[in-house]
Undergrad: 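Just dropping this structure here.
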Amino acid sequence: MTPPKEPRDDTPQTHHPAPADYGIRGCATPESLILEQLSQGPKAQACRRSKAALHQLIRDAEQAHKARSRIGTETCPQCGQPHLAHYRLAERFHLLECEHCGHHGRGTSATAARADAESGVGSGRDWRGATD
């Protein structure tokens with residue numbers, strides 16, 4: 001005698017979101033489901049592209065302002081190369097950046113920026129990837 005077989009479940013399998021996909025406190029709310037749908041649509045993609053374009057415009061404007069604010073170059077206290085660019089970005093903000101080794105300094109005057117650059121010699125500062 002063969003054992004009775006379980007009846008087959010012919011209901012289609014649907015994808016249910018995992019608990020981590022739910023909204024606030026692990027509960028699916030209509031708002032969270034709508035937000036999820038909106039974040040995947042063409043309007044959301046267009047919004048992301050617009051934000052990226054806006055951020056690029058801001059970066060370009062900052063670089064243009066920096067290029068206009070360049071006063072000259074000095075000798076870098078760390079590598080000794082004459083590639084330490086001096087920028088006066090605002091009335092009381094001076095920035096020094098070495099294009100050779102990446103060393104930098106900042107201050108409210110040219111003297112303060114130079115002192116900051118000299119005090120940081122050997123610290124591994126690099127404006128090309130700096131977070132300080």
Undergrad: Do Leu89 and His65 have side-chain heavy atoms sitting under 4.5 Å apart?
TA: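 They are in contact (side-chain heavy atoms under 4.5 Å apart), so the answer is yes.
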Undergrad: Please list all pairs meeting salt bridge (charged side-chain N to carboxylate O under 4.0 Å, His left out) that have one or both residues in residues 46-61, counting only residues at least two apart or in different chains.
TA: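 Output for this query is empty, none listed.
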Undergrad: Rounded to the nearest 0.5 Å, how far apart are CG of Asp116 and NE2 of His103?
TA: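 One finds 7.5 Å between CG of Asp116 and NE2 of His103.
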Undergrad: Heavy-atom distance under 4.5 Å between the side chains of Pro82 and His100, does that happen here?
TA: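 Counting from C-beta outward, Pro82 and His100 never come under 4.5 Å.
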Undergrad: Passes salt bridge (Lys or Arg N to Asp or Glu O under 4.0 Å), Glu62 versus Lys66? Steps please.
TA: CA-CA 6 Å; Glu62 288 172 344; Lys66 188 175 177 182; over 6 Å; no
Undergrad: Looking at His94 and Thr111, would you say the former's side chain and the latter's main chain have a donor-acceptor pair under 3.5 Å?
TA: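 Checked: no pair found.
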Undergrad: Which distance, rounded to the nearest 0.5 Å, do you find between the CZ of Arg92 and the OG1 of Thr108?
TA: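 The OG1 atom of Thr108 is 4.5 Å from CZ of Arg92, to the nearest 0.5 Å.
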Undergrad: Looking only at heavy atoms, which two atoms of His86 and Ala110 are closest? And how far apart?
TA: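 Shortest heavy-atom separation between His86 and Ala110 comes out as CE1-CB, 3.5 Å.
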Undergrad: With rounding to the nearest 0.5 angstrom, report the NE2 to CG distance, His104 to Asp126.
TA: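 Those atoms lie 7.0 Å apart.
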Undergrad: Would you say Leu96 and Glu74 make side-chain contact, with heavy atoms under 4.5 Å?
TA: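 The answer is yes; the side chains approach within 4.5 Å.
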Undergrad: Tell me the closest heavy-atom pair linking Pro77 and Glu118, and the distance in Å.
TA: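 Closest approach of Pro77 to Glu118: CB-CG, 3.9 Å.
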Undergrad: Minimum heavy-atom separation for Cys98 and Cys79, please, with both atom names.
TA: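 Closest heavy-atom pair between Cys98 and Cys79: SG-SG, 3.7 Å.
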Undergrad: For the CD atom of Glu97 and the CZ atom of Arg106, what is their distance to the nearest 0.5 Å?
TA: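 Nearest 0.5 Å value for the CD-CZ distance: 8.5 Å.
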Undergrad: To the nearest 0.5 Å, how far apart are NE2 in His83 and SG in Cys101?
TA: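 Result: 10.0 Å between the selected atoms.
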Undergrad: How close do Arg88 and Ile71 get, heavy atom to heavy atom, and via which atoms?
TA: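 That would be CB-CD1, 3.4 Å.
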Undergrad: Would you find a donor on one side and an acceptor on the other, under 3.5 Å apart, between the side chain of Glu99 and the backbone of Ala85?
TA: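 A pair under 3.5 Å: no.
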Undergrad: Between Leu95 and Trp127, is there a shared hydrophobic cluster once you connect ILVMFWY residues whose side-chain heavy atoms come closer than 4.5 Å?
TA: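 No, no single cluster joins them.
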